[in-house]
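Input: a single structure, listed below in structure tokens.
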Amino acid sequence: MTEPFRTQRLVEFHDTDMAGIMHFAAFFQYMESAEHEFVRSLGFSVHSQIDGETISYPRVAASCDYLSPVRCEEVLDISILVERLGKKSITYSFEMASNGREIAVGKITCVCCRVTPGKAITSVPLPTEVREKLLAFVA
Ligand SMILES: CC(C)(COP(=O)(O)OP(=O)(O)OC[C@H]1O[C@@H](n2cnc3c(N)ncnc32)[C@H](O)[C@@H]1OP(=O)(O)O)[C@@H](O)C(=O)NCCC(=O)NCCSC(=O)c1cc(O)c2ccccc2c1O
């Protein structure tokens with residue numbers, strides 16, 4: 001079984017709603033920040049220069065299912081796997097838990113793109129070095 005990348009986030013007060021539970025939209029920011037941390041842990045960045053080109057990873061799809069509420073100052077354990085490693089896209093899956101309780105599951109798909117000032121962003125194949133590092137995390 002593939003071992004996921006694991007990290008944690010403290011649920012911040014400003015991410016909770018009047019019911020005292022984490023707001024649904026905040027989950028997307030926690031997933032995004034955890035994904036960026038994951039990518040940094042592999043030695044690359046979601047926005048980098050490769051062979052003289054600026055390579056970035058805009059998102060084309062994002063979803064989250066909410067299974068149990070989580071409250072301010074609880075610790076969220078976040079596990080990330082690569083659900084699909086395509087030619088140009090990466091679909092990450094996220095499992096979020098707190099004290100062993102399942103909180104939410106999410107998915108984000110991003111596409112490898114060349115960003116050139118003044119031009120439309122263009123999808124390009126994932127760089128080989130990025131693909132090779134992500135292979136170890138394919139579910
Ligand atoms: C991104 C696009 C330019 C891609 O358009 P294109 O026509 O080239 O795409 P294709 O149809 O050829 O597909 C390429 C590739 O993507 C897969 N795919 C496309 N759509 C989906 C989908 N809805 N769900 C799943 N997968 C999809 C498709 O299967 C192909 O995969 P392969 O692996 O098989 O090759 C164009 O779509 C575009 O411009 N979209 C708008 C992007 C956008 O504005 N997104 C919202 C904001 S982005 C954002 O918030 C953001 C967050 C971050 O954390 C970032 C971090 C770092 C850098 C940037 C970030 C960022 O922008």
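Remember, it's 1-based here, ligands and their atoms both numbered in the order they're listed.
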Show every donor-acceptor pair shorter than 3.5 Å between a side-chain atom in residues 62-74 and any protein atom, with sequence neighbours excluded, or say none if there are none.
unit_1	atom_1	unit_2	atom_2	d
Tyr66	OH	Phe24	O	2.9
Ser68	OG	Arg101	NE	3.1
Glu74	OE1	Arg71	N	2.6

Side-chain donor-acceptor distances from residues 10-18 under 3.5 Å, at least two apart:
unit_1	atom_1	unit_2	atom_2	d
Asp15	OD2	Tyr30	OH	2.5
Thr16	OG1	Phe13	O	2.7
Asp17	OD1	Ala19	N	2.9
Asp17	OD1	Gly20	N	3.2
Asp17	OD1	Ile21	N	3.3

Practice problem: Heavy-atom cut-off of under 4.0 Å around ligand 1: list whichever protein residues fall inside it, by chain and number. | Solution: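 Ligand 1 is contacted, at a heavy-atom distance under 4.0 Å, by Glu32, His36, Val46, Ser56, Tyr57, Pro58, Arg59, Val60, Ala61, Arg84, Gly86, Lys87, Lys88, Ser89, Thr109, Val111, Cys113, Ile121, Ser123.
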Practice problem: Would you name the heavy atoms of Leu134 and Tyr92 that are closest together and state the gap between them? | Solution: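 Residues Leu134 and Tyr92, closest heavy atoms: CD2-OH, 4.1 Å.
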Got a list of side-chain donor-acceptor pairs under 3.5 Å for residues 34-42, not counting sequence neighbours?
unit_1	atom_1	unit_2	atom_2	d
Glu35	OE1	Arg59	NH1	2.7
Glu35	OE1	Arg59	NH2	3.4
Glu35	OE2	Arg59	NH2	2.9
Glu37	OE1	Thr7	OG1	2.8
Glu37	OE1	Arg9	NH1	2.9
Glu37	OE1	Arg9	NH2	2.8
Glu37	OE2	Thr7	OG1	3.0
Ser41	OG	Phe38	O	2.5

Quiz prompt | Heavy-atom check, side chain of Arg114 versus side chain of Thr54, under 4.5 Å | solution = no
Self-check item: NZ/Lys107: more than 12 non-hydrogen atoms of other groups inside 6.0 Å
Solution: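 Check fails, neighbour count at 12 or below.
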